[in-house]
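Numbers restart at 1 for each chain; the letters A, B, ... are given by sequence-line order, proteins then strands. All of these numbers come straight from a predicted model, not from anything done at the bench.
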Amino acid sequence: MTDKPKEQPEKISDNPNELPKTYEAKLVEKKWYEEWRKRGYFKASVKKGKKPYTIVIPPPNVTGILHMGHALNNTLQDILIRYKRMSGFETLWMPGTDHAGIATQNVVEKSLREEGTNRHQLGREKFLERVWKWREKHGNTIIKQLQRLGASCDWERTRFTMDEGLSKAVREVFVRLYEKGLIYRGEYIINWCPRCQTALSDEEAQHKELNGHLYYIKYQIENTDQHVTIATTRPETLLGDTAIGFNPKDERYQHLIGKTAILPLLNRRLRIIQDEDIDPKFGTGALKITPAHDPVDFLLAKKHSLEILNIMNPDATLNDAAGIYKGLDRFEARRKIIAELEDRRLLLETKEHMHAVGHCYRCQTVVEPYLSKQWFVRMKPLAKPAIAAVTEGRTEFRPARWSKVYLEWMNNIKDWCISRQIWWGHQIPVWYCQPCRAAGVVTSNKEKKVYSEPGMIVSRETPKECPVCKKNDLLQDPDVLDTWFSSWLWPFSTLGWPEKNKDLEFFYPTACLVTGYEIIFFWVARMMMSGIEFMGKEPFKQVYIHGIVRDEHGAKMSKSLGNVVDPIGIIDEYGADALRFAIISITSEGQDVYASKEKFEVGRNFANKIWNAARFLLMNRTNDKKSKAPKIDDISDIDRWILSRLNHTIQSVTDSLEKSRFNEAVSTLYDFFWHQFCDWYVELAKPSIKTKETQWVLETVLENTLKLLHPFMPFITEEIWQKMPHVGDSIMISAWPKCNKKLLNPKIEEEVGLIISEIQAIRNIRSAWQINPKDLVSVAIKISRDKEMKILKDYSSHIVQMAKISSLTIGKQVTRPKESAVANVGRVETYVVLSGLVDIAMERQRIELALADVEKMMKALAGRLSNQDFVSKAPKDIVDKERKKGEELENRKKRLEENLKTLGE
RNA sequence: GGGCAAUUAGCUCAGUUGGUUAGAGCGUUUCCUUGACAUGGAAAAGGUCACAGGUUCGAGUCCUGUAUUGCCCACCA
């Protein structure tokens, strides 16, 4: 562990036995990652004549530590970047982190709490110093972890949403939108988190279905003995009621018109109003109206000029307006009020009631609809072109169904509450001139018809004085902006905007955004709007949405559930390549991923297989230089076969990558390398391994496969490639393989397919009769056509070798040897001599089973072929194929029947 | 309330213009420590593709409905 590798990666060792027995992922990963960085392979710059390919990373929170979701997300991006880099693009993968306002503030506040203090005792300035210090110390964790994953980001460009350039972009955007009339301030019901004590946007309040109660409460009608019953889920809010209402069409309540109701417990007088928006079918049809604590009620209050009474403090305890309930927490108040209503027989009924309750997305506290003055962005005008961009196909979602989700949200977009009552973030670039504010003097934007308040100054730079009174008694708005107000600028702010520069021109717009569906609204949709608004172009051509990584039971991974599979742990144990390979292979397009530690073993095993196969080839190398391509006529059919398979694989993997079907690419490579190359070609080629031709084929197939694997498994492929004879400095910057169509050879594939089936058939018999793998058997093959005769004769030495045969007879006149078992492959009949071992009953059973199988297929086929509709309507080639198949089956049946007859002879 | 996904071998999942005998990994069974690899090799067992209709010569694949599960959205208090 302690000794460092002293190898010189660039140099090709002369020792043919150079790969260590096992793959040391840790050492190799460290070595190559440092080397790649040192050589500047990750760097991107404006290069005329080259096509750009840009991806911006979804900036992880500075508080983040790498979880499987990150591992998946960033592996996908790295695959695209590495693939495009090898394909000749100038690739930029722009990295960075997000300051994550509330999340980060929460983390630092927690440590303050542990020290027995809080941010208010510390004061704003000292607190912010603390947060910056925290970021210095911990903010790089996730970046380092991404590097261990192998991410080929241009790290020298790393940005942070609160660095100077991005802060400038934020202020620029705020001022521009304000001057366009798209930012305003106002008093509305917003989602309030009483624990974080800040406003949240609608998206940050996550609705969860909860099993609550519906309380039926009696409200008395003034000066009568009548009453009206009202159902509510939040009885404590009745303290803030200022009216009750019903639908004007609701006949049950017509007698209430002109009357006044009495608020239970507090005995306040309540107006009775009528409104179309009140649903007569819910509860009793009568509604208690609490303007300061319910968005619908707030609108009704505005419409009917009702009094608006706030009964809550920011921490969700009740305030003075709550009278004797003052100081109680909202839920305590609820219990107390229910109890008192019960005592006074004002609670008529309590029903179970399922309803959706908003929760803070950062701390899971139940949010409170709360009346307060906040800043908002008017979204409809921004949404319009962002809708068109998707409906007109300039930006494409993958899988396509997400565009529906996006459009649904965009079409129903609401204004965005962007102010937060926390300290960590971009402070709102608005100042108030205290004297002018007090005097009611409007200080800015008198001419433009935009929102303004007395004394208000909206400015890109910190103003030195009031433009009107020239005094410098200015106070900045204490609120900060929503974290997403900086993230939504990410695709261009990271490239230097609002400055105009070559990078922006070259690398914007980006090619593909890779992200999970949980942030389509938070981030993707908003980037679309800002990109179009400020750059005049959609920020990405494609949005690739992947699933969420869950545990093996489908639960979200979380520390508290203890079901986390830690990617760094997997990297430590199995290697980054194993992690990358495995996570991609279990991720099919758009589906959630269910991860467990065992699933990563597949990746480790594959890496091990690659390593050992490469070690074997290098051990048997006859030449330290790159082999020269032999004449195509000099190579064997087996060689042609694997070259055909290789080119097929190149084509298929490239297609899969172009279609973003990553798991398909990975499984194609797995199957090709393991089951075609290792299981068959390498085994078949062993006798000729020292020949020039085989050397060249092995080398060529290995090198090209390593290249195809490189985007998925960058480290092991580089390590092996460097140890192979090679041209160039690194596999990372080598050219992506191209399919050579001339080498695609269906005829050879069919022939070798027959040989493989033949070997498998003999092995099957050996296994069924429990012949020891060491023992050789005598085999006779009867063929009926010259075609098969030639193939089998050509490959007879391979069959002998692979099926462990002592003597092999091939011919048309072959008769069944005594005491032998039979297998049929196509029209070829194979007898394996079992001298002494043969058990007639068992062999009969084997043949009868095969016969039953054939008959079943024949029956199905006969049904199809006798169907006139099929014969006349299906395409000719399909019908021909079926007919041919019928002949084959007929033939096979005959042979099996004959075998059954001659059994025991 | 609206929408979206999923339902295929014991388990976890692939299967994209409908067309051979529906595939993989893990697990299981049998055999093998043979000079690349036991993180391995050879062979095998295992599926009425949730259910019910429909379209079609032909459906795991397309349409309609049902059931179960999961997710997202929504101001029925």
### Message
Please compare A:N605 and A:R892 by the position of their nearest nucleotide in RNA chain B and report the one closer to 5'.
### Response
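Looking at the nearest nucleotide for each, A:R892 comes out on the 5' side.
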### Message
Pick the closest RNA chain B nucleotide for A:M857 and for A:Q206 by heavy atoms, then say which residue is nearer the 5' end.
### Response
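Nearer the 5' end of the strand: A:M857.
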### Query
With a distance cut-off below 6.0 Å to the six-membered ring centre and an angular limit of 45° from the axis, does A:K609 pair with A:Y670 as a cation-pi contact?
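No, A:K609 does not sit over the ring of A:Y670.
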### Phosphate OP1/OP2 of B:G41 contacted by A:W674 side-chain N/O (<4.0 Å)
yes
### Message
So, under a plain 3.5 Å distance rule, would you say the side chain of A:E683 forms a donor-acceptor pair with the base of B:A36?
### Response
yes
### Message
Quiz question: going by heavy-atom distance under 3.5 Å, is there a donor-acceptor pair between the base of B:C76 and the side chain of A:K281?
### Response
no
Side chain of [X], heavy atoms from C-beta onward: which of [options] has the nearest atom to it?
{"X": "A:K609", "options": "B:A77, B:A36, B:G25", "result": "B:A36"}
{"X": "A:Y517", "options": "B:C71, B:A77, B:G25", "result": "B:C71"}
{"X": "A:K873", "options": "B:A77, B:G19, B:C57", "result": "B:C57"}
{"X": "A:N764", "options": "B:U39, B:G40, B:A44", "result": "B:A44"}
{"X": "A:I278", "options": "B:A74, B:A77, B:A42", "result": "B:A77"}
{"X": "A:F282", "options": "B:C76, B:A36, B:U12", "result": "B:C76"}
{"X": "A:P773", "options": "B:C31, B:G19, B:A36", "result": "B:C31"}
{"X": "A:Q770", "options": "B:G19, B:C31, B:U12", "result": "B:C31"}
{"X": "A:H675", "options": "B:C37, B:C57, B:G25", "result": "B:G25"}
{"X": "A:K414", "options": "B:A77, B:G19, B:C75", "result": "B:C75"}

Round to the nearest Å and state the distance from [X] atom [atom1] to [N] atom [atom2].
{"X": "A:I548", "N": "B:A5", "atom1": "CD1", "atom2": "P", "value": "16 Å"}
{"X": "A:M619", "N": "B:C37", "atom1": "CE", "atom2": "C1'", "value": "10 Å"}
{"X": "A:K21", "N": "B:G40", "atom1": "NZ", "atom2": "C1'", "value": "11 Å"}
{"X": "A:R615", "N": "B:C37", "atom1": "CZ", "atom2": "C1'", "value": "7 Å"}
{"X": "A:K597", "N": "B:C26", "atom1": "NZ", "atom2": "C1'", "value": "15 Å"}
{"X": "A:N867", "N": "B:U56", "atom1": "CG", "atom2": "P", "value": "13 Å"}
{"X": "A:E408", "N": "B:C4", "atom1": "CD", "atom2": "P", "value": "10 Å"}
{"X": "A:I765", "N": "B:A44", "atom1": "CD1", "atom2": "P", "value": "11 Å"}

Quick one: look up who [N] pairs with, Watson-Crick or G-U, both distances under 3.5 Å, and put none if it's unpaired.
{"N": "B:U34", "value": "none"}
{"N": "B:A50", "value": "B:U66"}
{"N": "B:C71", "value": "B:G3"}
{"N": "B:U12", "value": "B:A24"}
{"N": "B:C57", "value": "B:G19"}

### Message
Is the distance between the ring centroids of A:Y361 and A:F522 under 6.0 Å?
### Response
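Close enough - the centres of the two rings lie under 6.0 Å apart.
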### Query
Would A:F397 and A:W402 count as a close aromatic pair, with their ring centres under 6.0 Å?
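No, the ring of A:F397 stays outside the 6.0 Å limit from the ring of A:W402, centre to centre.
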Reckon [X] touches a base, only the sugar-phosphate, or nothing at all at heavy-atom distances under 4.0 Å?
{"X": "A:E573", "value": "nothing"}
{"X": "A:A614", "value": "nothing"}
{"X": "A:P875", "value": "base"}

#### Entry: Criterion side chain to side chain contact (heavy atoms under 4.5 Å, CB included) against A:V832, the qualifying member of A:I762, A:I805, A:V822, A:N764
A:I762
Atom [atom1], compared across [N] and [M]: separation rounded to whole Å:
{"N": "B:U55", "M": "B:U68", "atom1": "C1'", "answer": "26 Å"}
{"N": "B:A59", "M": "B:G1", "atom1": "C1'", "answer": "34 Å"}
{"N": "B:A74", "M": "B:G54", "atom1": "C1'", "answer": "34 Å"}

### Task
Compare all side-chain heavy atoms of A:F600 with those of A:L579 and state whether any distance is below 4.5 angstrom.
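Yes, close enough: below the 4.5 Å cut-off.
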### Minimal non-hydrogen separation, A:T694 against A:I689, with atom names
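It is CG2-CA, 3.9 Å.
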### Query
Any Lys/Arg nitrogen of A:E843 or A:R846 sitting under 4.0 Å from an Asp/Glu carboxylate oxygen of the other?
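A salt bridge links A:E843 with A:R846.
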